[in-house]
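Notes follow the structure.
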Amino acid sequence: MVSVTLDQVTKRFDSVIAVDRVSLEVEEGEFFFLLGPSGCGKTTLLRMIAGFYRPEGGHVRFGDRDVTDLPPNVRNTGMVFQNYALWPHMTVRKNVEYGLAMRNVERSEMDRRVDRALGMVQMGAYADRSPNQLSGGQQQRVALARALVIEPDVVLMDEPLSNLDARLRLEMREQILALHKEIGTTMIYVTHDQKEALAMSNRMAVMDSGRVVQVGTPRDLYQRPASRFVADFIGEINLIPGKLLDAGSGYSVETGLGTLRAEECPAGLAKGDGVLCAIRPEGLAFLEGEGTPGDNTVTGKVHSVIYLGEVEQYLIELVDGTMAKMVEHDPVTQRAQPGDDVRLRFSPTRVVLLPSRGEGDAEAL
Amino acid sequence: MLKRYDLSVGMMLFLGSLLVFFGLFLFYPLWYAFLNAFWIDGRLSFEFFEFMLTNPVYVESILNSFRLAMVTTIVTTIVALPLAFLLVRYDFRGKGLVNGLLLVPMVLPPFVGAIGMRQMFARFGSVNLLLIQAGLIDEPIDFFGGGGFLGVVVLEVLHLYPIMYLNVAAALSNIDPSMDEAARNLGSRGFKLFRTVTFPLMLPGYFAGAIIVFIWAFTDLGTPLIFNFRRVVAVEIFNSISDLNENPVAYALVVLVVLLTVFFFFLSKSVIGGRRYEMISRGHVSGASRQASTGMTFLIWGVMILLTSVALLPHLSIVLTSFTDRWFMSVFPESYTLSHYGMVFDHPLSSTSIQISLFLSVLSTALDVVLGISIAYLLTRTNVPFKGVLDGVAMLPLALPGIVLAFGYLASYSGTFLDARHFPLPLLVIAYGVRRLPYMIRSAYAGFQQTSVALEEASLNLGATRLRTMFRVTFPLILANLVAGGILCFSFAMLEVSDSLVLAMKDEYFPITRAIYALMGRIADGAYIASAMGVFGMFLLMASLFLAGRFLGRRMGELFRV
């Protein structure tokens, strides 16, 4: 088990910069996620950690050891490939014991460890099958066992669940989490699925166009996105443009809907700056009856309603014409019909201020 | 930032030795022929070219070769085009088997078939006698009128129509069915549909096939030789090798063939390149083939059986000849014997030739396997400079007529320690190897491409070195391709014609085909022993192709497309 440090790592393919000066610190035993849309460079970054690419600039370190120029076969990482990459000419057992054979592990020891690894992923009964006879989920488990059996310093996973159907994916999430808990190895996991990252990671890095734009715990990133890109990419969010006014009790923003209040403000924003008030759909609530029309209250008209069982989604056209999403949890009855006039309250603790300048979120860090 | 190439010292050494190898055994012989054709007495001269184009014998030979190639191309088109339509557009019982049957005539050497054909259609051969006995004719028909022209054409067609078929069928099945559907929707059908939409779309594929057939027929040496149809370019080149110093026109003939080949390939490049139709929206239509009705199935099978039996006729007649004890003025042999097969192994000429061929083929196959795997690996798995050039050079022998390379070897290495006149075996190994290298590269290349790189990366990730990964993961995965490629190289080497005829000059170094040709010239039992050897060769070829087919499955046909 080691920590993984990336220091100003850069990778180009011809003229395209796939990874641009990325620095990251993955702690020992951490379950770390690289999250981002396709083409953002997350897989390239992972492959540099595995040693399949050599960075044009920067360093990769495992603990104190600089591994930047080491070939993949001496790095002792266990990788799970997106398409599993199980060798079709070997049985499940042969696949799993391969890494041990490369390490000249003794036969009896090898058998013991292979059996244990297969047991850990509940594939013990399939040891003599050929990978072609296994279902996608089973192949996935074998691929996991093959990566784990060598007791790697770091486990690397490249979108391991993307080829599974939705139900199986949820099941495998649980399994992988349980495995991480059991063996405690440092794991780095690449995905474009924000739900997967939120549900499984200790910490994650969000990437965009080859750069890391924000690093943090799932809670950090969801509740305190630092840029419009992160806010948009993780979960749903309403963005209302405005201008930062003086700091009174909390921070006030002048918007087309009136003055909105937030409790916190990121450093670097000054009075008069353009900002975006970002608020998650669950930060909005209906204001019943006449009530006191206080701060952070806006009016609008219900545009459409979608009932999803555990939540009900409302799309509301606000007075200035912007569309706002909100959700009601545990909707026993429908609160409003399309066409109804409603009043909404923006909870000040849930309003996050984002710099609105430029679209260049890469600069936001 | 500079592009990073995988250039270690070892890699550079390897690339360098490839360069030397191809330089010595591909470009130097060609260069030598060009030099001797145009550089006469220390100055540039078109003297030989002029002589070649004015001397009536050479002019006749060139014209004959053109006629032969033209007629062969036209007839193969007439045979292959409808065949491709039937087999691509219809699904029927036994389609796989039919596709297999199609390949059979291609792999049986026409050189061997020609021997049987000559027996059967000779002036007093079986067919004429049968017709006379049946009272249909009084005088025997001269089937090979024009000094053997017809016979050569028939054999070339029977040998080459599968190549045409493979190219045309590939082109046809690549056409998006919705292209035809759109035309039908707008009111076109039948031949009009074919002429206005289908054929123009498949033209590049057709052109590729036609050029192979044309060049092949133009430069084939074995078949005209057996039919004694001597006024063709290949035979003129062959005849001239014994007195190259007195008769250097052969250089000009070789240059002519090379120029013609180059011209045709450039022509095809421009035709294909200019008309590369991107077929969009493929895949969601469930193919253009439809289930054949019972009648149609019978029709297709009828055509196939007829065609295949005609194509196999020459070879069947060889089998018959090989068992013949006496056969004179009768439809079938008067009595049969197995003794010729015994002779194959007793007769010094034939028994040494089998040993020589085995020896040469094993060595040349080994050369192909090593070179083929490494080149395919370089092309698919590494990032070395000039990959495109390497690819082009290594595939060049596929386009280059055998007679050209054989002649070039003989001429350019005469007087050196590789002189074929004294000891032809090294040059024969290299000639066989270079000629068949493209098949090995293709097989290995296909294997590498079909194997996901992730499978190799997984191995590296688990601690295996590159070399170990290659032996533990890559080779086992592409073993089928490697074996198939090796088998093809071996069996083609065993029955190689032009290199063997040109390079082997002494009895004791004759390979099988050269021995067959020598035996054919003997009056007494030569033809019978030659036939027995031919049968032996055919079985060897069929067995190896069957084996290769088992390994490669339906991808077999891809090896023969250009």
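Protein chains get the first letters and strands the later ones, always in sequence-line order, with residue 1 at the start of each.
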Query raised in the report: Does any heavy atom of chain B fall under 4.5 Å from the side chain of A:N83, the backbone, both, or neither of them?
Result: side chain

**Report entry** Identified salt bridge (Lys or Arg N to Asp or Glu O under 4.0 Å) partner of A:R116 from the options A:E151, A:E182, A:E109
**Finding:** A:E151

Query raised in the report: So what's closer than 4.5 Å to chain A heavy atoms on B:S452: side chain, backbone, both or neither?
Result: side chain

Requested in this report: Would you mind reporting whether A:P131 and A:N95 have side-chain heavy atoms less than 4.5 Å apart?
Outcome: yes

**Report entry** A:T68-A:D66 side chain donor-acceptor pair, cut-off 3.5 Å
**Finding:** yes

Query raised in the report: So does A:E97 pair up with A:R103, basic N to acidic O under 4.0 Å?
Result: no

Query raised in the report: Do the side chains of A:D153 and A:T77 get nearer than 4.5 Å, heavy atoms only?
Result: no

Query raised in the report: Between A:R146 and chain B, which part of the residue has a heavy atom less than 4.5 Å away: side chain, backbone, both or neither?
Result: both

Query raised in the report: So which part of B:R466 gets closer than 4.5 Å to some heavy atom of chain A, the side chain, the backbone, both or neither?
Result: neither

Query raised in the report: Considering only heavy atoms, which portion of A:L100 lies under 4.5 Å from any heavy atom of chain B: side chain, backbone, both, or neither?
Result: neither

Query raised in the report: Given that the side chain runs from C-beta out, which part of B:S459 has a heavy atom under 4.5 Å from chain A: side chain, backbone, both or neither?
Result: both

